[in-house]
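Report on the structure given below.
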Amino acid sequence: MRILLMNGPNLNMLGVREPGIYGHDTLGSIEDMVISHGERHGVDVECFQSNHEGVLIDKLHEAHGRFDGVIYNPGAHTHYSYALRDAVAAISTPVVEVHISDVDAREPFRAISVFDGVVLEKISGRGKQGYIDALDVLREHCC
Ligand code: DQA
């Protein structure tokens, strides 16, 4: 099984960025944690991060047929990028949306996700554990 772990804008700043909300872990350490969890279950995890909408769209297109699932934290794109929503809808690869913080308990604009209805599941407010839980959701869905 092959999984793409994809993070959108500003998530490369984890560890530095608002640690009271997002914690002290860097993106690299979270990626290592997901890779290790995957290895324990025979799942190959490839990691990708970009701050650019078009690059993320291209990566989702590439995921079609190449990966069995995508773990995706779209960052602020969650709340307004219909182009990324359409990219998720365009591929048959199941996508699990992850948010480190509890987006429903923050500013009202964060409660809106353009990915509603096109993702397999949305996981929010579980910190870095959300990425592990997303991998397990995909394992159960795919196998
Ligand atoms: C986030 C929540 C978004 O609202 C925010 O723009 C992010 C991170 C999260 O992981 O909690 O960049 O997706």
Side-chain angles (χ1 to χ4, degrees), residues 1-41 43-64 66-142:
M1 185 175 181
R2 297 202 68 209
I3 296 288
L4 173 64
L5 169 59
M6 198 165 96
N7 280 278
N10 299 307
L11 292 157
N12 56 312
M13 295 300 286
L14 287 175
V16 173
R17 176 191 183 193
E18 301 179 272
I21 296 173
Y22 298 112
H24 292 275
D25 295 294
T26 63
L27 181 58
S29 71
I30 291 172
E31 288 173 343
D32 288 345
M33 176 192 75
V34 179
I35 289 168
S36 301
H37 185 70
E39 277 169 1
R40 282 194 287 278
H41 297 280
V43 179
D44 189 25
V45 178
E46 180 180 314
C47 302
F48 182 77
Q49 188 277 331
S50 176
N51 293 317
H52 305 282
E53 188 179 44
V55 174
L56 291 157
I57 292 169
D58 288 343
K59 194 70 187 177
L60 283 166
H61 294 174
E62 274 174 38
H64 177 79
R66 272 196 64 211
F67 291 94
D68 302 299
V70 179
I71 301 167
Y72 182 24
N73 184 342
H77 283 148
T78 306
H79 315 302
Y80 67 89
S81 177
Y82 294 108
L84 278 161
R85 177 199 162 94
D86 284 352
V88 168
I91 61 173
S92 56
T93 317
V95 176
V96 176
E97 175 184 346
V98 172
H99 301 286
I100 295 167
S101 64
D102 181 358
V103 282
D104 294 317
R106 298 179 62 192
E107 301 95 323
F109 76 86
R110 292 189 203 274
I112 295 161
S113 174
V114 299
F115 296 98
D116 276 0
V118 294
V119 290
L120 180 63
E121 197 169 312
K122 171 176 160 179
I123 294 173
S124 168
R126 301 186 202 165
K128 62 185 178 182
Q129 179 63 34
Y131 290 99
I132 298 286
D133 294 347
L135 193 146
D136 291 338
V137 166
L138 287 167
R139 282 175 52 225
E140 274 174 36
H141 178 76
C142 298

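We're numbering straight along the sequence, starting at 1. Start at 1 and go down the list; that is how both ligands and their atoms are numbered.
Remark: the backbone N or O of Val103 is paired with a side-chain donor or acceptor of Ser124 at under 3.5 angstrom.
Rounding to the nearest 0.5 Å gives a distance of 10.5 Å between CG of Asp104 and CD1 of Ile112.
The aromatic rings of His79 and His99 lie parallel to each other, with less than 30° between the two planes, well short of the 60° mark.
Applying the salt bridge (Lys or Arg N to Asp or Glu O under 4.0 Å) criterion to Asp44, with sequence neighbours excluded, gives Arg2.
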Please tabulate, one pair per line, all N/O donor-acceptor pairs under 3.5 Å involving side-chain atoms of residues 4-13, not counting sequence neighbours.
unit_1	atom_1	unit_2	atom_2	d
Asn7	OD1	Tyr131	OH	2.7
Asn12	OD1	Gln49	NE2	3.4

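Ordered by chain and residue number, the residues placing a heavy atom less than 4.0 Å from ligand 1 are Arg17, Tyr22, Asn73, Gly75, Ala76, His79, His99, Ile100, Ser101, Val103, Arg110.
Within the structure, the salt bridge (Lys or Arg N to Asp or Glu O under 4.0 Å) test picks out the following pairs touching residues 111-137 (sequence neighbours left out): Asp25-Lys128, Arg126-Asp133, Asp136-Arg139.
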